[in-house]
Structure formats: structure tokens, C-alpha cells
Novice: 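Please see the structure below; I have some questions.
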Amino acid sequence: MLARGAGQRAAEGEVEGRARQETGVAEDAWTRVKRRLRAELGEDVFSSWLARLELDQLADGKAVLSVPTRFLKSWIEAHYLDRILSTYRSEQAGLSGVSVVVRSAFRDPAAASRSSAARPAKTTSGGEPALAAEPSREDRVPAQATPLGARDERSTAELAGAPLDARLTFESFVVGRSNALAQAAAERIARNDGGAAIYNPLYIQAGVGLGKTHLLHAAGNQARAGGRRVIYLTADRFMYGFVASLKAQTSHAFKERLRGIDLLVIDDVQFIQGKTIQQEFGHTLNALIDAGRQVIVAADRPPGDLESLDERVRSRLAGGLVVEIAALDEGLRAGILSQRLAAVQATHPGFEVGPAVVAYVANAVATNGRDLEGAINRLLAHATLTGTNVTLETAEVAIRDLVRNREPRRVRIEDIQKLVATRYNVSRSDILSERRTAAVVKPRQIAMYLSKVLTLRSLPEIGRRFGGRDHTTVLHAVRKIEKLIGGDTALSEEVELLKRMLQD
Ligand code: ADP
Ligand code: MG
């Protein structure tokens, strides 16, 4: 049997493993699918949208993949489901469909499978009727939630924010010199029971993978354990759910709602953009801070560099305590590795990694916590698939790609062209061609614009890379798109999303 059923998962408590297949064959095909998607779509796109996809179940020819947020689920369904299916199919004969569900870390697993059973995921299945063979977990888990109940739960959930991951706590956060201040400030706030807000807002600034999200969840979990009402929002959630839900309320209901929050946590505020949305953001921020409610935010840059935000909002953000998490030093990296290792060993008791290997990985993987976690996962996959112990030699092979990718990747014109082409359903050669139909011209201009703003290439160089065009053509395209963006919110958001997909 390849997959374990939801009932059994519930029984196991679903602590760490989310019913990952130990079966070599299943794990292997999925690992290859991810590797290919990464290679084909580019590192940036992959890490933004697909890196957190996990294989939950493979049964009856259907793969059930999971992601941590509903936003990711709908984005993947809208843009990548067919791609994933076709890639998966070529690696796994007989696969008939792929669906994406939201995995829940904060509810009891039985409730989580109930609600996903009540709302079947969109399934891509070539040839067959779309929902012909839904994941078998539905057969095993009685759907107890009524559809109405599920809907209520959903609209409340929109306002209640995103779930907190129970594994991201202060206990599992390793403290070192580079993050001690941020950790201390977050913990102080989280343990501040009933007192007035301290440093408001707390603004945590750090590059990717340095522990911002971990700290925010830890603070949220801690405050919640202390009986405080916490709302955790990602920028996505803020933009696409929260603001819309707020708008649906009267301003009285909105104020009531705010009064019900003790701690508002917003992650990745650098992604908050759009005129209305940033106004709502400023509005929410002011209302909470003025009412003495605690706010914690995280971003990848200092408040002054949040170009998409209004000057007043920026200075409000800078008005509390701004702390930075610096690059993780080698000792801290070793600490995080040991911590991750211990967590993995709780579910994989046979998995042994000696101190020499830990020291080697800590030295070799200098980037961030995400890559350290990736390294542990690779070692685990290697050990599980080959049934051998991890040695320095095997470790070196298993983490080779992480070591090689030490340099942050810059956006490449080729990736821009590919992404824009996929997005607008044209081919990359259409973009490079002489064709002048509207269906091709606009994506081409958008791609040129993105090449100008996201890379350091000169206009003549960009022209060359777009089928040998003149630099004035590029300049024209850049100006045209700039102008369109100024007056067209939908296009501006579209372009922002593309930028984001290419960048982070
Ligand atoms: P960010 O939000 O800054 O991009 P994350 O909080 O998502 O980074 O961290 C990336 C990964 O590294 C997570 O799995 C996180 O648990 C882990 N991590 C980062 N810093 C630490 C730390 N100090 N202790 C333990 N784990 C950490
Ligand atoms: Mg984060």
C-alpha cells in the first residue's frame, strides 16, 4: 500500500510527518517531479509557489498534494495544476489526477480532513470526468461538517487570519548572536500578559530564511497560550482576504472586530501593495496602535525601504522598535541543524547523523534556515531511499545543490520571458518574434518592462535579448507599461505579482 489513510493519520496525531510515504517508489517519483518543476520553472518561481508543496497521499492513481495556505492552493490550482499533472504523469505511470489541499497545522487532524472532505479540491484529471475518483480519504472519514457550517467557518476564518503552525515556537527557535535581540523582543511581547503594548509595533527585519516567520508564529502561539486573541496574517492574506472581508463589514463592525484583537501579526509586509490596500493597512495599523493593541510585523527590508507604502505608514512602522536578524553564523547554523535533526528523529527514530556531518553541513550551507531544513530533508530522503547511514561522503552528494546555490540568484531575462509567456498563454518564441498582434505585443512589452526593472541590463542589451530589437523599442515598451500601470489597478497588481514571482 502506498498511502496511509486519513483515519490512521488522525490516530498517529500527525506531529511532523504529514503521512509522508516511506515507500521509496512514491517518494522518489515525487522528488523527481519537484526537481523537474524547479528546473523547468526556474528557482524563483519554484521557491515562491511550489517549494512548500508536499505529497500527502498517493492512492487509486490520484495524488493529493498539500500546501500550508489557502492562497497558495488557489494560486497553484489556477496556474500550475496542469503542469504538475503532466510532469507527475511522466514520472509516475498510471497517475490519473492531482489535487491540492490545505494542510492544517493548528486544528486536530480529524477536523482538518473533515473540512477538506466537505470542500473537495479542484482536481485535474486528464481524460476522465474531473471528480470521478476523489481521494479515498473521503470514503474513510465521515463528512460531519455540514456545508453551511463549513461556509461559516470559512468566512470567520478569513477575518480570523491564517493558522499558526504549532511547531514554530520559542522552544524550537535557536537563539544566537544574530537573532537574540529580535527573539527577546518578540518573546517579551508574547509573554506580556495584560500589560500595555510594549514597543509598538515591533518590526522584525531580515533576509529570506533567517527566521522571521518562525518568530512571528512563536509569538502568536505563545500569546495565544496566554489567553490573548491573536490574528496572524501574511501579506497575501491581508490583501486578498482580510481587506475584502473588512470591506464587507460596516465600519462599526470593523471597529468591534479590531477591539477583539490583542495581538495582530503581519508577515512579509514588503508585499503589501496597491493604493486601497495600503490605505487599509495604514488604517488598521493606526486603529490598533492608537487603541493600545500590540502589532508585530516582519519584512525583508527596513521600514524606510518599503517603497510601495505611503510615507506616513512607513514612519508609523518605524515608530516602534525595529530589530534586524543578521546572517546566521556557523554556530547558530549548527544549533538549528541539531534542533531540526532532533525534531525529525522524533518521527524517524532510525535516522542517525553524526556530529561530523552536522559540522560539515553547518559550514557548507551558509545561506539560511530554509536551506538548513532542506539539507536535513535531503539527508533523510537519502537515508530512507538507500537504507544506508549518512556519512560525510553521502552528505556531500545529498546537499550538493544547496552548496552550489549559495549565491542568491538574480532574475534572468530568459526567466522573465518564460514566466510572462506562460502567464499570457503565448510561447516564448512569440515574444521574441516579429508578430504584432495584440495578444503578443502586450506580454512582450510587459516582459521588456520587467527586464528593465528587475535586471541590471541596459536597454540595448534587453533589445538584443528580445529578438534583436532596437533600444528605442524597449524604451517605448517600458514607458508604455509604466503609463498603463499608473491608471490600471488590475494590470498594476498583475505586474506586481509577476515581479514577486520572479524575485522571491
Ligand atoms: P523567513 O520567514 O525569515 O524567511 P523562516 O522563519 O521561514 O524564515 O525560517 C526558515 C526556516 O528556518 C524555518 O523552517 C525555520 O523554522 C528555520 N529557522 C530559522 N531560524 C531559526 C532558528 N533561529 N531556530 C530554529 N529554526 C530556525
Ligand atoms: Mg517568512
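Each ligand, and each atom within it, is numbered from 1 in the order the structure gives. Just so it is clear, the structure is predicted and the values come from calculations on it, not from any experiment.
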Novice: Gly176 near ligand 1, heavy-atom distance under 4.0 Å?
Specialist: no
Novice: Given Gln205, Arg340, Arg370, identify the one with the heavy atom nearest to atom 7 (O) of ligand 1.
Specialist: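 Result: the heavy atom closest to atom 7 (O) of ligand 1 is in Arg370.
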Novice: Please could you name the atoms of ligand 1 that Thr213 approaches to less than 4.0 Å, counting only its heavy atoms?
Specialist: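 The atoms of ligand 1 under 4.0 Å from a heavy atom of Thr213 are 1 (P), 2 (O), 6 (O), 7 (O).
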Novice: For atom 27 (C) of ligand 1, which protein heavy atom lies nearest, and how many Å away is it?
Specialist: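 Of every protein heavy atom, His214 ND1, 3.8 Å lies nearest to atom 27 (C) of ligand 1.
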Novice: Give the numbers and elements of all ligand 1 atoms closer than 4.0 Å to a heavy atom of Gly207.
Specialist: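 This gives 3 (O) as the contact atoms.
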Novice: Charged N to carboxylate O below 4.0 Å: is that the case for Arg314 and Asp305?
Specialist: no
Novice: Heavy-atom distances under 4.0 Å are what count here, so tell me which part of Leu168 touches ligand 1: side chain, backbone, both or neither.
Specialist: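 Looking at Leu168 and ligand 1, just side chain atoms fall under 4.0 Å.
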Novice: Show your reasoning for whether salt bridge (Lys or Arg N to Asp or Glu O under 4.0 Å) applies to Glu496 and Lys499.
Specialist: CA-CA 5 Å; Glu496 282 308 328; Lys499 256 196 219 172; 3.5 Å; yes
Novice: Considering only heavy atoms, does Asn179 approach ligand 1 within less than 4.0 Å through its side chain, its backbone, both, or neither?
Specialist: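 For Asn179, the contact with ligand 1 is made by the side chain alone.
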Novice: Among protein heavy atoms, which lies nearest atom 19 (C) of ligand 1, and at what distance?
Specialist: Gly211 CA, 3.6 Å
Novice: Check for me whether Ala206 has a heavy atom closer than 4.0 Å to any atom of ligand 1.
Specialist: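 For ligand 1, residue contact (heavy atoms, under 4.0 Å) with Ala206 is absent.
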Novice: Kindly indicate whether the side chain of Gln279, heavy atoms from C-beta on, has any atom under 4.5 Å from the side chain of Asp310.
Specialist: no
Novice: Please classify the Glu373 to ligand 1 contact at 4.0 Å (heavy-atom distances, strictly less than): side chain, backbone, both or neither.
Specialist: side chain
Novice: Take Lys212 and Asp300 through the salt bridge (Lys or Arg N to Asp or Glu O under 4.0 Å) test and state the conclusion after the steps.
Specialist: CA-CA 9 Å; Lys212 297 183 294 295; Asp300 68 353; over 6 Å; no
Novice: Any idea which atoms of ligand 1 are less than 4.0 Å away from a heavy-atom of Val208?
Specialist: 4 (O)
Novice: For atom 23 (N) of ligand 1, which candidate among Leu332, Val174, Ile204 provides the closest heavy atom?
Specialist: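 Shortest heavy-atom distance from atom 23 (N) of ligand 1: Val174.
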Novice: Once the angle between the rings of Trp49 and Trp75 is folded into 0 to 90°, is it parallel (under 30°), tilted (30 to 60°) or perpendicular (over 60°)?
Specialist: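 Trp49 and Trp75: parallel rings.
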Novice: Show me which atoms of ligand 1 lie under 4.0 Å from any heavy atom of Ser172.
Specialist: 24 (N), 25 (C)
Novice: Can you see whether Thr169 engages Ser172 through a side-chain donor-acceptor pair at a distance of less than 3.5 angstrom?
Specialist: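 Looking only at side-chain atoms, Ser172 and Thr169 do form a donor-acceptor pair, the distance falling under 3.5 Å.
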Novice: Using distance alone, with no hydrogens and no angle criterion, decide if Thr234 and Asp267 have a side-chain donor and acceptor under 3.5 Å apart.
Specialist: no
Novice: Assess whether salt bridge (Lys or Arg N to Asp or Glu O under 4.0 Å) is satisfied between Glu40 and Lys418, documenting all intermediate values.
Specialist: CA-CA 10 Å; Glu40 288 164 16; Lys418 281 190 195 149; over 6 Å; no
Novice: Return the residue, atom name and 0.1 Å-rounded distance of the protein heavy atom closest to atom 21 (C) of ligand 1.
Specialist: Ile336 CD1, 3.5 Å
Novice: Give a yes-or-no answer on whether the side chains of Gln294 and Asn200 include a donor-acceptor pair shorter than 3.5 Å.
Specialist: yes
